[in-house]
Number of protein chains: 2
Amino acid sequence: VKGDLSVVIDVLRATSVITTLINFGCKKIIPVRTVEEALNIKEKNPEYILAGERNSKKVEGFDYGNSPLEYDSKLKGKTVIFTTTNGTKSIIQSRNASLVIIASLLNVNAIIDKINKSTFKKVNIVCSGSNGQISIEDIYCAGMIVSYVNGNLSEKSLLASALYLHYKHSPEKILSEVSSHGRKLVHSGLADDIVFCAKMNLYDNIPYYRNGVIQELRQ
Amino acid sequence: VKGDLSVVIDVLRATSVITTLINFGCKKIIPVRTVEEALNIKEKNPEYILAGERNSKKVEGFDYGNSPLEYDSKLKGKTVIFTTTNGTKSIIQSRNASLVIIASLLNVNAIIDKINKSTFKKVNIVCSGSNGQISIEDIYCAGMIVSYVNGNLSEKSLLASALYLHYKHSPEKILSEVSSHGRKLVHSGLADDIVFCAKMNLYDNIPYYRNGVIQELRQ
């Protein structure tokens with residue numbers, strides 16, 4: 001029993017994209033803060049793929065945006081440089097934890113299992129939110145996690161748990177109606193992304209972040 | 001439709017005390033930030049009553065502490081100088097709102113009625129919390145209010161509402177078990193205070209704060 005585990009969540013859509021990339025056999029994801037940093041890495045590694053968004057749209061000149069629906073088995077074995085407004089920042093900021101794992105609704109049961117089998121002294125759940133504001137879809141995912149893990153919960157965790165239990169059977173409603181970020185995405189024609197990101201336990205991989213790189217955690 | 005309404009909540013125990021004082025016919029409550037300020041006002045007005053807490057205990061030399069159970073009809077017509085760690089600060093900080101009203105579980109339906117009959121452009125609910133941390137009992141009270149008022153809710157309000165709806169029939173559980181501040185009070189021998197503060201709608205008064213003074217709002 002030692003060290004701390006950080007679980008980073010950005011359901012709409014960074015951590016959903018990461019879980020999807022890992023599912024399709026993507027070898028490495030390099031999360032970066034800025035577009036400039038992404039382009040610098042690309043210059044030195046022309047075979048890498050550029051992915052990410054600003055204002056919910058694919059960055060000009062990038063290969064992919066921030067929609068999990070863009071990705072498929074073409075990503076197998078590839079390295080992706082990834083930058084988004086909130087999610088990739090939260091991942092990078094969590095780097096001092098003993099272990100950083102990436103959660104979305106797509107892999108939430110795998111995350112719960114991992115936490116329950118681990119012996120960390122403390123588990124931090126990092127809800128990325130949206131430009132400094134809370135994002136209710138991230139709190140919903142956190143609430144599902146804390147509802148099924150053993151151990152003492154903080155008051156914030158109990159609040160998240162109550163949210164999850166109240167909307168237990170309506171993840172799509174949380175993402176597309178309750179979430180203001182979700183409503184914006186629907187308004188921008190991205191309703192299919194929401195439907196996809198609301199699927200619970202489509203995958204069972206656990207992406208983890210270490211030394212600047214996200215890869216699949218082999219158990 | 002203009003101006004903004006602030007609803008200040010500190011269920012354990014400042015706003016529960018204020019609602020109780022108003023119920024017993026207390027004429028005025030003067031919330032102040034510091035013990036020194038309270039003593040200065042007392043010096044100029046020896047007939048005023050000193051009330052408040054530090055570390056959950058009655059301030060040395062004060063007439064009353066921060067337990068609603070200390071108060072009765074002896075307070076009728078009196079002026080009380082009141083200072084607590086979190087609640088009175090939240091009230092004073094809300095002073096720039098068009099109207100500041102004081103809520104606790106004891107008068108929550110009266111507050112809901114007032115909001116639904118009013119035409120403010122914006123309603124802010126201020127959960128006092130405990131030394132910079134959230135207090136789940138304040139969010140529970142806020143959640144009851146937002147669950148029954150008309151209008152658009154922020155994501156924080158929706159989160160509070162989910163908490164209230166999940167624990168709807170267990171206010172005592174929220175205050176005495178889920179709340180860490182509540183558990184501390186129980187541990188300090190103040191379990192009776194919790195039972196009292198968990199009574200919903202014991203009173204129907206609405207205390208309001210203006211020009212430095214809390215009085216009963218006459219409708």
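Throughout, protein chains are lettered first and strands after them, A, B, ... in sequence-line order, and every chain is numbered starting at 1. All values reported here derive from a predicted model rather than from experimental measurement.
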Exercise. Roughly how far apart are A/L158 CG and B/I174 CD1, rounded to 0.5 Å?
Worked result: 8.0 Å

For this session: Decide if atom CG of A/N201 counts as having more than 12 heavy atoms of other residues, nucleotides or ligands within a radius under 6.0 Å.
Result: yes

Exercise. Which bit of A/Y167 comes within less than 4.5 Å of chain B, counting heavy atoms only: side chain, backbone, both or neither?
Worked result: side chain

Exercise. Has B/D4 got more than 12 heavy atoms of other residues, nucleotides or ligands less than 6.0 Å from its CG?
Worked result: yes

Exercise. Any chance CG of B/D72 has more than 12 other-residue heavy atoms, nucleotides or ligands included, within less than 6.0 Å?
Worked result: yes

Problem set entry | NZ/B/K156: more than 12 non-hydrogen atoms of other groups inside 6.0 Å | no

Exercise. Does a donor on one side chain and an acceptor on the other come within less than 3.5 Å for B/E155 and A/S180?
Worked result: yes

Problem set entry | Spacing of CD1 belonging to A/I136 relative to CG belonging to B/L159, to within rounding of 0.5 Å | 5.0 Å

For this session: Answer with side chain, backbone, both or neither: which region of A/S179 has an atom nearer than 4.5 Å to a non-hydrogen atom of chain B?
Result: both

Exercise. More than 12 non-hydrogen atoms from neighbouring residues, nucleotides or ligands closer than 6.0 Å to CD on B/E37, yes or no?
Worked result: yes

Exercise. Which answer fits B/L163, side chain, backbone, both or neither, if we ask what part of it has an atom under 4.5 Å from a heavy atom of chain A?
Worked result: both

